[in-house]
There are 2 protein chains.
Amino acid sequence: MGKEIKRRNTKQRKAILEELKKLKTHPTSYTLFRILKRKFPKISLGTIYRNLNILKEEGKILELTGGKYGCHYDGCTEQHYHFFCIGCNNVFDLEIPVFKGLDKKVSKKGGIEVKYHRLDFYGYCQNCKKKGGDSYG
Amino acid sequence: MGKEIKRRNTKQRKAILEELKKLKTHPTSYTLFRILKRKFPKISLGTIYRNLNILKEEGKILELTGGKYGCHYDGCTEQHYHFFCIGCNNVFDLEIPVFKGLDKKVSKKGGIEVKYHRLDFYGYCQNCKKKGGDSYG
DNA sequence: TTAATTGCAAAACTTTTGCAACGCT
DNA sequence: AGCGTTGCAAAAGTTTTGCAATTAA
């Protein structure tokens with residue numbers, strides 16, 4: 001409806017999206033900032049945040065709200081589920097089938113309008129499992 | 001292991017837990033702060049945060065990391081799933097059966113150690129559905 | 001050319017923390 | 001009495017924003 005903004009394809013925005021598509025360990029905004037600084041030494045956190053919000057709005061990336069601070073970002077927008085390692089704080093994609101039809105079922109049962117769902121698993125990744133044993137709790 | 005701390009049962013902590021058990025719309029820390037201020041006009045946000053962390057550590061409440069800012073808190077620690085209304089920002093419990101055994105299955109398949117999972121639904125609640133129609137998108 | 005974007009700095013917001021006074025046990 | 005807890009204020013961490021300069025189209 002309102003004012004359409006004509007986006008430009010800046011080097012910075014391109015690089016952020018590219019990095020997100022490449023990385024398997026979905027980084028936080030700050031991690032992304034440190035990575036991008038290698039290529040753009042003067043890049044600012046403001047630019048990172050602005051572009052993450054734009055890319056999210058355009059549906060090109062996913063925002064994963066896993067921890068208390070700092071969302072993690074995912075360059076793959078196909079629906080899939082995630083595993084959050086509580087040892088190393090990394091986030092991994094899981095290759096388990098998506099529950100299709102679940103949203104509709106829940107909508108009907110609850111009298112609500114479910115748009116999407118998110119299924120997150122928490123625990124220790126292969127690496128942290130090896131290192132920590134069960135001292136982790 | 002280390003130093004066991006002997007907790008005291010203060011009025012403030014008791015009231016916070018009580019409020020959380022009572023409310024169906026799981027509040028954020030700040031909402032809780034405003035509610036508790038009615039009973040304790042001088043209560044501070046620091047007290048809210050400290051107690052939420054203690055209660056969480058004691059396993060008496062659940063921390064729901066739904067939005068970018070501000071976790072929501074739930075006074076019920078039985079495993080269950082949640083619905084986040086993207087209209088009014090409230091969070092509701094869902095009464096759908098829990099996927100038992102899912103954690104084990106995913107652990108095996110992924111070579112990881114899943115401790116628990118979280119299933120969140122997003123959309124419009126009964127109220128917001130009525131008000132907004134599909135202008136919400 | 002021109003309007004979106006950047007880098008920078010400051011502001012806004014959430015959460016934590018140091019400390020003296022207070023209050024459970 | 002002893003020490004965990006509170007309220008307050010300041011600090012730390014995350015995210016947004018105003019603005020002049022830059023840059024993609």
Side-chain angles (χ1 to χ4, degrees), chain A residues 2-20 26-58 60-74 84 89 91, chain B residues 2-20 26-58 60-74 84 89 91:
Chain A
K3 56 293 316 262
E4 288 288 315
I5 285 177
K6 186 123 197 216
R7 296 278 175 219
R8 288 179 190 168
N9 212 0
T10 63
K11 294 175 280 178
Q12 291 91 334
R13 180 139 70 233
K14 237 182 295 180
I16 291 173
L17 181 55
E18 193 185 313
E19 202 61 44
L20 271 179
H26 313 310
T28 62
S29 36
Y30 187 71
T31 303
L32 217 37
F33 170 62
R34 288 193 337 256
I35 292 173
L36 269 286
K37 239 180 157 30
R38 301 206 276 261
K39 203 169 187 179
F40 304 91
K42 307 197 80 177
I43 202 171
S44 73
L45 256 177
T47 297
I48 300 288
Y49 277 109
R50 272 183 294 229
N51 278 311
L52 286 174
N53 283 335
I54 289 171
L55 290 168
K56 187 175 47 166
E57 190 185 298
E58 295 178 336
K60 291 181 181 159
I61 64 172
L62 239 51
E63 186 182 74
L64 313 176
T65 65
K68 173 166 293 191
Y69 293 115
C71 296
H72 292 254
Y73 293 88
D74 187 342
F84 291 74
N89 260 314
V91 183
Chain B
K3 53 300 308 263
E4 287 287 316
I5 285 176
K6 186 122 197 218
R7 297 277 174 220
R8 288 179 190 166
N9 212 359
T10 62
K11 292 177 279 174
Q12 290 90 336
R13 180 137 70 235
K14 235 181 299 181
I16 290 173
L17 181 56
E18 192 185 314
E19 203 60 45
L20 271 179
H26 314 311
T28 62
S29 34
Y30 187 70
T31 303
L32 217 36
F33 171 62
R34 288 194 337 256
I35 293 174
L36 269 286
K37 240 180 159 25
R38 302 205 276 259
K39 203 170 187 178
F40 304 91
K42 306 197 80 177
I43 203 170
S44 73
L45 255 176
T47 296
I48 301 288
Y49 278 109
R50 273 183 295 230
N51 279 311
L52 286 173
N53 284 335
I54 290 171
L55 291 168
K56 187 173 49 166
E57 190 185 298
E58 296 178 336
K60 290 181 183 160
I61 64 170
L62 239 52
E63 186 182 76
L64 314 176
T65 65
K68 173 166 291 192
Y69 294 114
C71 295
H72 292 255
Y73 294 89
D74 187 342
F84 291 74
N89 258 314
V91 183

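Just so it is clear: chains get the letters A, B, ... in the order the sequence lines come, proteins before strands, and each one is counted from 1.
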*How would you label the contact of A:K14 with the nucleic acid (heavy atoms, under 4.0 Å): base, sugar-phosphate, or nothing?*
nothing
*So, is B:Y49 near the phosphate of C:dT16, with a side-chain N or O under 4.0 Å from OP1 or OP2?*
no
*Heavy-atom distance under 4.5 Å between the side chains of A:F84 and A:L64, does that happen here?*
yes
*May I ask you to verify if any side-chain N or O of A:N53 is less than 4.0 angstrom from the OP1 or OP2 atom of D:dT16?*
yes
*Side-chain contact, heavy-atom cut-off 4.5 Å: A:L55 with A:E58?*
yes
*By nearest nucleotide on DNA chain D, pick out whichever of A:Y30 and B:G46 is the more 5' one.*
B:G46
*Rounded to the Å, how far apart are A:K42 NZ and D:dT23 P?*
10 Å
*Round to a whole Å and report the spacing from CG of B:L52 to P of D:dT6.*
11 Å
_5' precedence on DNA chain C between A:I54 and B:K11 (nearest-nucleotide basis)_ = A:I54
_When you compare the side chain of B:N53 with that of B:R50, does any pair of heavy atoms fall below 4.5 Å?_
no
_Integer-rounded Å distance: C:dT14 C1' and B:R34 CZ_ = 14 Å
*Side chains of A:E19 and A:L32: closer than 4.5 Å at any heavy-atom pair?*
yes
*Whole angstrom value for the distance that separates C1' of D:dT6 from CZ of B:F33*: 13 Å
*Please give, in whole Å, the distance from C:dT5 P to A:L55 CG?*
11 Å
*Would you say B:R50 reaches C:dT17's phosphate, i.e. side-chain N/O to OP1/OP2 under 4.0 Å?*
no
*Give one of base, sugar-phosphate or nothing for A:R7, where a contact means two heavy atoms less than 4.0 Å apart.*
sugar-phosphate
*Looking only at side-chain N and O atoms, does A:S29 come under 4.0 Å of OP1 or OP2 in D:dT14?*
no
*Map B:T47 and B:K6 onto DNA chain C by nearest heavy atom, then report which one ends up closer to the 5' terminus.*
B:T47
_Atom-pair distance (CG on B:L45; C1' on D:dT6), nearest Å_ = 13 Å
_Atom of A:F33, atom of A:S44 and distance for their closest heavy-atom approach_ = CE1-C, 3.7 Å
*asked:* Measure CD/A:Q12 against P/D:dA21 and give the value in whole Å, please.
replied: 18 Å
*Taking OP1 and OP2 of D:dT6, is either one under 4.0 Å from a side-chain nitrogen or oxygen of B:N51?*
yes
*For the pair made of CZ in A:R8 and P in C:dA3, what is the distance, rounded to whole Å?*
9 Å
*Would you tell me if any nitrogen or oxygen in the side chain of A:T10 comes within less than 4.0 Å of OP1 or OP2 on C:dT6?*
yes
*asked:* Of the listed nucleotides (C:dT5, C:dG7, D:dT5), which one gets closest to any side-chain atom of A:I43?
replied: C:dG7
